**Student:** 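Sharing a structure here in structure tokens format.
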Amino acid sequence: MPIIDMRQITKRFPGVVANDKVDFQVEKQEIHCLLGENGSGKTTLMNVLFGLYHPEEGEIYVKGEKVRISNPNDAYKLGIGMVHQHFMLVNQMTVLENIILGNECGSFFLDRKESEAAVRDLITRFNFKLDLNQKIADLSVGMKQRVEIVKTLYRGADIIILDEPTAVLTPQEVADLFVILHQLRRDGKTIIFITHKLNETMEMSDSVTVLRKGVKVADLKTRDVNQNDLAAHMVGRQVEHIVSDSVESYGEVVLSIKDLVLNDKTRIPVNLSVRAGEILGIAGVEGNGQQELEELIIGTMPVRSGKIEINGQDITSKPVKDRKDLGIGYIPADRHKNAILSNFSIIENYLLGYHKDKDYIKNGFIDFRKLESDADRFVTEFNAKVADIGDPISSLSGGNQQKIVLSREVSHDPILVIAAQPVRGLDIGAIEFIHKTLLRLRHEKKAILLISAELSEVMNLSDRIAVLYEGQVSAEFPRGKYNQEQIGLFMAGRTEKEVEV
Amino acid sequence: GCGSSAPTTPTAGPTTPSQSQTAAPKDFKAGIIFTEAGLGGQSFNDLAFEGVKKAAADLGIKYDYVEPKSVSDEAIVQEDMASSGEYDIIICVGAEQIDALKMVAANYPEQKFALIDANLELPNVACYTSKEQEGSFMAGALAALIKQEKATDKVGDGKTVGVMVGVNNPLLNRFVAGYTAGAKYINPELEVLVDYVGGFGDPTTAKNIATTFNSKGADVIFHAAGASGMGLFQAAQEKGFVAIGVNLNQNGVAPDNIVASMMKRVDSSAYNAIETTLNGEFKAGLKVMGLADEGVGLNMEGSNIKLPESVTKKLDEIKELVVSGKLVIPAAIEEVNPFLEANKK
Amino acid sequence: MSETAKKRSKLKALSALGDFGSSLLSVSIALVLGAVIILVIGEDPIEAYTALLQGALGNARSIANTFSKSIPLAFTGLAVAMANRGGMLNIGAEGQLHAGAMASVLVALALPGLPVAVLLPLCIITGVAAGMLVGFIPGYFKAKKQTSEVIVAIMLNYIVTLFMSFLVNGPFKAEGSVSQTNAISEGLMLTKLVGNSQLTTALFILLAVAAAQYIFLWKSAAGFQLRAVGSNPSASVSAGMNAKKLMIFAMALSGGIASLAGVTEVMGKYGRYIEGFSPSFGFTGIAVAILGRNHPGGVLLTSLLFGILDTGALRMGRVTNVSANIIVVMQSLVILLVSAPEIAKLIRRRSR
Amino acid sequence: MELFSRMITLTLQLSVPLVLGAMCGTIAERGGIILLGVEGLMLLGAFTGVLGSHLSGNAYVGLLFSIVGGGIFGYLYTLFCLKLKAHQSVVGVGVNMFASGITAVLLKVFWNREGMSDPVASIPNVTVPVISEIPVIGMLFKDQSPYLYLMILIVATVWVVFYRTKVGLRYRAIGEQPFAVQTSGINVNKYRYVAMVFAGVVAGVGGSFLSLSQNNLFVMDMTAGRGFMGLAANIFGGWNPIGSFLAGMVFAVAQTIRFYASDIKIPIQFIQMMPYLLTLFILLFVGKKAKGPEALGKLVK
Ligand SMILES: Nc1ncnc2c1ncn2[C@@H]1O[C@H](COP(=O)(O)OP(=O)(O)OP(=O)(O)O)[C@@H](O)[C@H]1O
Ligand SMILES: Nc1ncnc2c1ncn2[C@@H]1O[C@H](COP(=O)(O)OP(=O)(O)OP(=O)(O)O)[C@@H](O)[C@H]1O
Ligand SMILES: [Mg+2]
Ligand SMILES: [Mg+2]
């Protein structure tokens with residue numbers, strides 16, 4: 001008997017059938033992947049199970065009994081917990097406070113001691129490394145996720161839903177998460193794991209359900225399938241695997257970073273350079289200076305010490321706009337925060353960063369004719385699914401938003417493209433497209449700085465790789481020199497000498 | 001009921017021949033336009049309104065009134081009333097209506113207007129102003145005399161009295177000037193504390209000013225601060241000092257502590273405007289209501305503080321000096337010192 | 001391309017119409033509630049509302065007055081909307097309009113010899129400059145010190161009005177018992193558009209400013225930047241905008257627009273600065289801006305609604321015994337109900 | 001010394017409405033509701049207090065009225081903000097206007113008077129016998145309004161509830177990340193309603209302090225900007241009960257100086273400006289980050 005049995009679930013939103021008569025069964029104590037492209041209805045289905053959405057049709061059985069789940073409280077009573085795609089944590093509060101929120105010890109007064117004891121019990125049992133008194137705002141993404149998991153455990157969940165938990169994690173963190181999930185399963189918990197990453201599905205799940213456009217297309221045992229099968233189910237076609245080819249000649253140095261200090265504590269200088277026609281990949285566990293590197297080059301963070309040059313021109317103390325005008329295309333890691341005006345139209349989003357350019361601005365006014373025709377062209381060229389370029393960009397899915405950002409940043413003939421985590425949270429199709437675009441740009445002799453926590457992405461695309469560790473470059477080498485394990489060691493702070501021995 | 005009972009008592013001004021009204025035409029209608037400050041808080045708007053209401057009761061006339069929300073509304077209402085032709089007299093309260101009335105009254109030469117608290121020379125406008133400084137001078141003198149004669153055990157040996165007014169403007173500074181002059185006229189050594197509440201609807205601040213004054217030694221305090229003044233009376237009762245009321249007889253609010261009220265008979269001005277128009281005796285031009293005309297003056301009725309004859313006699317003497325024109329009371333603070341220099345005893 | 005553009009504008013127009021419909025419904029509810037209050041105090045609501053409509057729209061003069069009353073509210077509404085678009089709440093329009101009014105009058109008084117064609121623009125420009133200065137301060141504090149612009153502006157409202165009170169009772173006091181400056185020359189005042197009404201060429205200034213604001217915000221590069229910073233400062237900074245400068249700019253601009261409420265009042269209606277001439281135009285402007293969806297067109301419509309209520313109230317107060325305070329209550333109900341879009345939805349749902 | 005003690009007493013009195021106004025703001029805004037309507041809520045409290053005292057003849061019944069009335073108005077305020085999804089800043093402007101108008105209308109209804117009520121029974125100041133004789137601290141117990149102690153009690157209670165209880169933890173979380181709290185199975189809106197009722201109560205008490213303790217009647221618009229100052233104190237105090245308390249005290253000290261400075265020979269307007277100028281200078285030199293609760297104004301379903 002499946003522990004979760006959802007039958008014929010249908011959930012409609014205005015204009016979309018998000019779940020169309022979906023059957024979904026999960027066995028006790030398994031890790032069950034829910035696989036599907038963006039917008040295929042995975043989150044919707046799980047929100048139904050967690051009581052956040054109410055389906056138009058269908059029934060839910062938990063542990064054999066028919067249930068009505070009308071809110072998250074009901075779900076918790078049935079032992080169902082959920083870790084959302086966007087974390088539901090209170091940044092200003094401590095880890096402990098976040099975990100106990102809603103289920104605190106004490107009758108009226110908060111019994112901190114007892115709560116802490118209860119949580120501590122839990123984290124030692126599962127071997128979580130968490131400082132209960134740290135503020136959430138100071139935690140890394142991986143840590144935050146751990147807090148989310150502890151939260152569900154603390155509420156007594158034995159069925160834990162994780163919505164795209166690895167989308168924002170570094171390889172190390174992903175590995176750590178898998179260890180935790182396996183441990184949880186050993187302890188009798190059931191895990192539902194939403195993802196669109198095939199390798200992860202293969203690596204850690206027991207069974208897989210695939211959704212496509214709101215319809216369930218497959219129920220599989222992981223051991224019976226391979227990645228290609230899964231991809232075919234998911235996308236409905238075979239998928240390419242994009243790897244860079246080798247290039248014989250590079251152009252001049254475009255970006256040159258001299259003695260730049262990323263980490264104010266260690267103050268170890270960093271030297272890097274990117275040549276025209278070259279992709280320099282920056283690998284490393286997130287939080288090791290990537291953010292600073294990105295911001296120091298683009299100019300949103302002032303340079304304390306060191307020098308940055310573009311085509312030999314010192315830009316160290318130039319304002320952002322002047323730098324961008326030299327020909328920098330910039331895809332920031334946090335696109336919602338740094339690259340998008342969400343309630344502005346798609347057209348207007350194409351103006352962001354070009355709000356002073358002669359192409360679009362005539363006598364201080366916006367040349368909408370030119371802007372709209374460019375927007376139309378970019379949207380088509382980049383294959384973004386857009387109903388109307390006058391719609392707010394927030395009406396697009398993340399993948400399509402990223403395509404808008406990418407097309408904006410690379411279509412103005414930049415000499416340097418900084419792409420930070422460019423495919424984070426995107427599905428296979430979109431990733432394919434973005435990777436192809438980066439390679440195309442490289443052929444067009446652009447210099448590309450690719451910052452990514454996704455090691456395979458860096459290894460597949462880069463001509464050279466630099467690994468960041470605690471604000472310094474722990475290794476720099478041409479592609480192919482080291483394998484994944486070795487690079488993993490650099491990411492942990494080992495030097496080339498240590499690794500070669 | 002204390003302050004509230006007062007408005008029902010005022011006998012309409014001295015010019016009330018009460019026989020003439022018997023044949024009041026049923027359709028006589030007055031319009032009254034208040035200042036932007038509106039009714040409430042025992043301001044001159046309220047006083048004028050009392051006069052109109054009394055006229056309605058005595059003379060059987062009808063009236064409409066408007067409380068404008070801004071100064072510019074006053075012109076709209078004046079124009080609207082005048083153009084309607086419904087009103088036998090339109091009474092405008094407050095000097096801030098002068099600019100608008102200058103235009104409107106000129107445009108409607110047949111329409112009769114009364115302007116209260118300001119002067120405008122037009123053939124169809126009857127104007128009434130008061131000499132607040134004269135009444136306030138009496139209040140100041142009273143304050144000084146109470147202290148000098150130890151008229152009540154609520155005052156001490158200190159040499160300080162106080163006055164607070166609603167805001168710092170020329171009209172209210174007449175009260176300040178008159179009071180200061182009056183107090184120092186009696187006793188040049190008195191110190192007169194002055195403060196401005198900052199509004200007419202803030203009794204709390206008024207009370208704090210009063211207690212602060214009192215802690216600095218002031219034990220007779222006068223106000224011209226509308227409803228804020230209620231805070232003064234509250235403080236007077238709590239701290240046990242003497243207060244002087246304003247505009248209408250406020251003595252009943254705290255009869256043990258309010259020794260007198262400085263009356264300003266705006267009500268009789270309004271009454272007079274209606275009555276003369278009704279009787280066909282409307283006369284344009286300015287009527288100044290001073291001590292001489294009983295337009296301002298002290299009222300001790302209803303106070304439980306009984307003044308010794310030494311005080312009342314002296315007050316009568318001073319009043320005589322003012323009425324006869326021997327003392328010309330300063331209407332601005334700058335004029336107080338020259339006045340005192342000139343009238344050194 | 002132009003096809004989709006047309007469709008787009010049609011859709012926008014439709015949704016605007018829907019918004020307008022809900023607002024009208026809310027206004028009606030407010031009027032019904034007002035009618036109940038009027039009944040309770042023993043007056044006839046029909047008579048009262050007839051008077052209100054007549055007073056506001058009964059003849060050319062009252063229509064003109066209605067427009068004239070909506071002008072200062074439209075200016076403060078535009079001002080608050082401008083700041084809102086830049087991500088700032090300008091609660092200081094009251095202080096800004098007082099500063100503007102005083103500055104323009106003082107220039108007029110100081111330079112009586114200049115020809116009107118020179119002096120009038122000079123007065124307006126000085127007034128706007130003064131408003132911009134007062135608006136600049138909270139913007140500057142916010143940008144440089146991260147102090148809440150709300151608290152700074154509240155303090156400035158008190159400081160500016162007290163300072164104006166000082167000027168008008170001290171150095172620039174006119175003869176007489178009113179706290180006001182001397183009158184400026186009559187020729188300098190804004191020209192009346194309808195005889196015996198208060199509608200002046202201020203209307204044209206307003207329409208020009210509203211149009212300019214629309215064009216600025218949605219058609220100009222600077223306006224785009226201002227809205228961008230207001231909507232997502234960090235993305236704007238990453239795109240090379242100077243967020244701090246733009247914040248200050250938005251507040252200064254807002255202050256300048258707010259000042260026009262004061263400038264056009266004193267130059268159009270009074271011919272002098274009078275203490276307390278503004279019945280909280282600045283605060284009501286917040287409601288006007290938000291009810292007008294921070295859009296110049298919406299602001300103009302909303303202010304007109306307020307103008308109708310204000311002007312009509314005068315007649316209603318005169319011919320009935322409905323006091324000014326009841327009108328204040330009704331206006332506040334209009335503000336409250338129009339600000340609550342759900343009310344219209346709730347009612348539609350019920351009636352289905 | 002005598003002067004000093006009087007100044008202290010005055011400062012304490014002045015602080016009561018400011019601190020309570022600030023507390024009202026703190027309670028509401030920590031849960032994510034923008035409260036520009038403190039002024040109006042206080043005015044309504046001042047009115048209901050006097051009404052209660054008038055109807056019953058007992059000032060303490062008046063206080064009770066202001067408490068209950070404040071709670072009801074706090075509830076209605078929230079109804080607009082949450083159920084009717086009104087723009088919260090506009091609700092503030094609207095409520096301030098409504099309070100001013102409706103109290104004036106009701107003055108006419110209950111007392112048939114314009115602008116102010118008849119005097120009613122008021123709550124006298126108290127002097128705690130023995131303790132008031134102790135030097136220095138004695139001042140705190142000599143001739144003080146009972147509201148002062150009520151205020152301290154409220155500040156302490158809010159602090160304890162915020163930082164020492166379960167509901168406080170949840171409520172503070174609501175102001176930062178209501179969705180997170182909601183997914184923990186907590187009814188966010190219920191918490192907001194309850195908190196806003198308390199915010200209304202605090203405003204009501206602050207209002208009736210003016211009408212029943214400082215005075216013995218209601219005067220139109222008698223709050224005279226104290227609600228706005230309270231709101232400023234709340235922001236200045238960092239949306240925190242102790243901060244609000246201290247900020248309210250700072251403002252009160254500034255006002256006390258204003259009363260004692262009125263004999264200095266400078267124009268009165270500059271003296272009246274002092275509290276506001278002082279606040280600006282503190283902001284300029286001390287600097288105070290304008291970081292409010294993250295979810296201010298955000299609604300959940
Ligand atoms: N609240 C909503 N209102 C309207 N439509 C929605 C809503 N949530 C989801 N949808 C629609 O439902 C469909 C399924 O969305 P859902 O978020 O479940 O997809 P998903 O598989 O989780 O995708 P992703 O990988 O992007 O997380 C999409 O087409 C989306 O547009
Ligand atoms: N409240 C909503 N109303 C309408 N549509 C919604 C709503 N929420 C989400 N959607 C739709 O759901 C789709 C997926 O949204 P979501 O935010 O999950 O995207 P994402 O996961 O960031 O994107 P991607 O998976 O493509 O990277 C979008 O097309 C969006 O239009
Ligand atoms: Mg997604
Ligand atoms: Mg999803």
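In the text below, chain A, chain B and the rest are named by the order of the sequence lines, each starting its count at 1. Only a predicted model underlies this, so the values are computations on that prediction, with no experimental measurement involved.
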**Student:** Could you grab the distance from atom NZ of B:K216 to atom CZ of D:F259, nearest 0.5 Å is fine?
**Tutor:** 10.0 Å
**Student:** Do you know which of D:Q255, D:Q269, D:Q13 has the most heavy-atom pairs under 4.5 Å to chain B?
**Tutor:** D:Q269
**Student:** Check each atom of D:D143 against the heavy atoms of chain B and say whether the ones under 4.5 Å are side chain, backbone, both or neither.
**Tutor:** side chain
**Student:** What's the spacing between D:S213 OG and B:Q234 CD if we round to 0.5 Å?
**Tutor:** 9.0 Å
**Student:** D:L14 versus chain B, heavy atoms under 4.5 Å apart: side chain, backbone, both or neither?
**Tutor:** side chain
**Student:** Give the C-alpha distance, both sets of side-chain angles, the deciding distance and a yes or no for side chain to side chain contact (heavy atoms under 4.5 Å, CB included) between B:N208 and D:Q214.
**Tutor:** CA-CA 9 Å; B:N208 290 328; D:Q214 284 282 49; 3.7 Å; yes
**Student:** What part of B:V167 lies closer than 4.5 angstrom to a heavy atom of chain D: side chain, backbone, both or neither?
**Tutor:** neither
**Student:** Under 4.5 Å from any heavy atom of chain D, what part of B:V192 do you find: side chain, backbone, both or neither?
**Tutor:** neither
**Student:** Taking atom CG of D:L210 and atom OG1 of B:T204, what is their separation to the nearest 0.5 Å?
**Tutor:** 4.5 Å
**Student:** Is it the side chain or the backbone of D:S122 that comes within 4.5 Å of chain B heavy atoms, both, or neither?
**Tutor:** side chain
**Student:** At what distance, to the nearest 0.5 angstrom, does CD of D:E114 lie from CG of B:N45?
**Tutor:** 10.0 Å
**Student:** Under the criterion salt bridge (charged side-chain N to carboxylate O under 4.0 Å, His left out), I'd like the reasoning laid out for D:R113 against B:D46: C-alpha separation, chi angles, the key distance, then a yes or no.
**Tutor:** CA-CA 10 Å; D:R113 292 189 61 174; B:D46 299 82; over 6 Å; no
**Student:** Are a donor atom and an acceptor atom from the side chains of D:R258 and B:T205 found within less than 3.5 Å of each other?
**Tutor:** no
**Student:** Between B:K207 (side chain only) and D:N215 (backbone N and O only), is there a donor and an acceptor less than 3.5 Å apart?
**Tutor:** no
**Student:** Can you tell me how far apart OH (D:Y260) and OG1 (B:T212) are? Round to the nearest 0.5 Å.
**Tutor:** 4.5 Å
**Student:** So does D:R226 pair up with B:D202, basic N to acidic O under 4.0 Å?
**Tutor:** yes
**Student:** Using 0.5 Å steps for rounding, measure from the OG1 atom of B:T211 to the CZ atom of D:R6.
**Tutor:** 9.0 Å
